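Notes for the one structure printed next.
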Amino acid sequence: MKIGITCYPTYGGSGVVGTELGIEMAARGHEVHFISSSLPIRLRQPNPLITFHEVEVMTYPLFEYPPYALALATKMAEVAESASLDLLHLHYAIPHSVSAFLARAMHAPKKLPFITTLHGTDITLVGVNSSYLGITRFVIEQSDSVTAVSQYLKDKTIQEFETKNNIEVIHNFVNCDLYCKNPNEVLRRSFAPDGEKLLVHLSNFRPVKRVMDVMEIFIRVREKMPSKLLLIGDGPDRTAVETLAHKKGIHQHTFFLGKQENVEQTLGIADVLLLPSEMESFGLAALEAMACETPPIASRVGGVPELITHGVDGFLADPGDIQRMADYAIQLLGNAALHAEVSQAARQTALKRFCASLIIPRYEELYRRVLEQAG
Ligand code: GMT
């Protein structure tokens, strides 16, 4: 198949899923065309079956807001023609699915079906906002197929948009060969030279991630045992979190690593992942950590309980319950047998339910179905 994929190229779960899906599709012999504003961050290796098409947005003094969605639609239609695309797959509805709707109309009478994968805030924050509600409902209805990354997100979408279009749940996935325990002791000791425990957080540092809570949890853990905190990613809340670390006198125990390319290496040396988000429709960072045998301590919100079974392969607490999350971390890090058991269970969950080898065939099957229906 010849597949066009559009996602946000920056740090964020939907971009990661879109990019990893393209890489997995190429590994299965499909031709993949990424159409985006810049090279997606996880697209690290050159691949003869993957082409990147950059969307350039012309600015003009009259435009208060450069019309990216239109430039994207134009590029999608161009690539559909030049590469004879079979379909488009959009990750995050706004504005990608709107552009795909236009591209499909521009490409007529030739067929260009499009699939929308809903990731989270495209429904829970952006889509339900009155500025975008109507257009989000419209593109959900117009998509040739819609998928959601969790049952929670599917239910939420039906509840908010009363859509009649069928929504299929396809959970997020992880490459279990790439994401596994990292035995690199040298790397681990570079952060924790005296055998300290290693806690890790991975996000785009947006308010919804509650990164301040990560620091508060870490402060409580550090009071009980020598430990270090690794923070992967960047975003609007980073400065405030760094300031808090300085204020509390623990900055020398924290490592702000910024945007990393090979997150599996860092996740794979850590002892625990902290994900105290306000909302997660799935919680991809937790899954990636679990595959690396790093148990997550996360908020019991959204689709997270579909991934983490409390007390078995990780721990869950209400968002904002910093003390409880810290207590779970202390319990886990202070008990080697429990830690080993939960770490193994986390890896098993990733292997048995969320491995790319299990999930990617579901997307392939969906693509075939959509192409059949489109005739
Ligand atoms: O976090 C967002 O605002 C959007 C999105 C992204 O691009 O990072 O994240 C969502 O999609 C991820 C991949 O499907 C999910 O793992 C995240 O849980 C989800 N984030 C939220 O629901 C807040």
Side-chain angles (χ1 to χ4, degrees), residues 5-22 24 36-38 40-42 89-97 115-129 132 136 146-157 160 167-175 179 201-211 213-214 232-237 259-260 263 267 273-291 296 298-308 314 316 319 349-350 353-354 356 359-360 362-363:
I5 294 182
T6 292
C7 58
Y8 283 108
T10 48
Y11 224 69
S14 59
V16 169
V17 172
T19 310
E20 299 283 3
L21 176 60
E24 296 286 343
S36 187
S37 55
S38 60
I41 54 152
R42 292 251 182 130
H89 189 173
L90 304 317
H91 293 267
Y92 210 89
I94 299 293
H96 303 148
S97 303
I115 297 165
T116 298
T117 289
L118 305 171
H119 281 272
T121 51
D122 44 356
I123 294 301
T124 57
L125 285 180
V126 180
V128 295
N129 184 283
Y132 302 112
T136 306
V146 181
T147 75
V149 298
S150 63
Q151 184 63 43
Y152 158 81
L153 190 58
K154 173 181 173 167
D155 295 344
K156 186 85 185 156
T157 307
E160 297 290 350
I167 300 174
E168 188 167 338
V169 176
I170 303 185
H171 283 125
N172 284 334
F173 60 89
V174 65
N175 182 328
Y179 284 74
H201 172 74
L202 162 64
S203 81
N204 45 25
F205 286 57
R206 281 194 247 133
V208 71
K209 302 290 176 183
R210 296 184 72 109
V211 191
D213 285 9
V214 171
I232 312 171
D234 209 334
D237 282 354
K259 295 176 183 175
Q260 296 276 309
V263 293
L267 291 175
L273 172 103
L274 300 177
L275 194 69
S277 312
E278 187 70 38
M279 176 46 67
E280 288 291 348
S281 65
F282 181 83
L284 182 65
L287 173 59
E288 292 182 333
M290 288 164 84
S299 295
R300 188 183 286 106
V301 288
V304 178
E306 293 171 47
L307 167 65
I308 301 170
L316 298 174
T349 298
R353 296 182 53 213
F354 302 103
I359 305 289
I360 302 302
R362 294 202 48 205
Y363 278 114

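For ligands, and for the atoms within them, numbers begin at 1 and follow the listed sequence. Just so you know, these numbers come straight off a predicted model, no measurement behind them.
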Between Glu168 and Lys154 (salt bridge meaning N to carboxylate O under 4.0 Å), is one present in this structure? no
Do Phe282 and ligand 1 have an N or O pair less than 3.5 Å apart? yes
Note: ligand 1 atoms sitting under 4.0 Å from heavy atoms of Thr121 are 2 (C), 3 (O), 4 (C), 23 (C)
Do Glu278 and Val301 have side chains that approach each other closer than 4.5 Å (heavy atoms only, starting at C-beta)? no
Under 4.0 Å, counting heavy atoms only: does Gly283 come that close to any atom of ligand 1? yes
Interatomic distance, Ile41 atom CD1 to Thr10 atom OG1 [nearest 0.5 angstrom]: 7.5 Å
Enumerated ligand 1 atoms positioned under 4.0 Å from heavy atoms of Glu280: 17 (C), 18 (O), 19 (C), 20 (N), 21 (C), 22 (O)
Quick look: Asn172 vs ligand 1, heavy-atom contacts under 4.0 Å, and the answer is side chain
Aromatic plane relationship, His119 with His91 - under 30° parallel, 30 to 60° tilted, over 60° perpendicular: tilted
Can you tell me how far the NE2 atom of His96 sits from the OG1 atom of Thr117, to the nearest 0.5 Å? 12.5 Å
Between Phe354 and Phe282, is the ring centroid distance below 6.0 Å? yes
Between Gly15 and ligand 1, is there a nitrogen or oxygen pair with a distance under 3.5 Å? no
Check each atom of ligand 1 against the heavy atoms of His119 and keep those under 4.0 Å away; list them by number with element. 10 (C), 11 (O), 13 (C), 14 (O), 19 (C)
Would you mind listing which atoms of ligand 1 come within a distance below 4.0 Å of any non-hydrogen atom of Gly120? 22 (O)
Could you tell me which atoms of ligand 1, counted from 1 in the order shown, lie closer than 4.0 angstrom to a heavy atom of Tyr92? 4 (C)
Is the shortest side-chain heavy-atom distance between Lys209 and Ser277 below 4.5 Å? yes
Say whether Leu284, considering both its backbone and side-chain N or O atoms, lies within less than 3.5 Å of an N or O atom on ligand 1. yes
Are a donor atom and an acceptor atom from the side chains of Ser150 and Ser281 found within less than 3.5 Å of each other? no
Is it true that Arg206 lies under 4.0 Å from ligand 1, counting heavy atoms only? yes
For ligand 1, is any non-hydrogen atom under 4.0 Å from Val149's backbone (N, CA, C, O), its side chain (CB onward), both, or neither? side chain
Closest to atom 12 (C) of ligand 1 by heavy-atom distance, out of Gly13, Gly12, Gly303, is Gly13
Return the orientation label for the Tyr363 and His89 ring planes: parallel under 30°, perpendicular over 60°, tilted otherwise. tilted
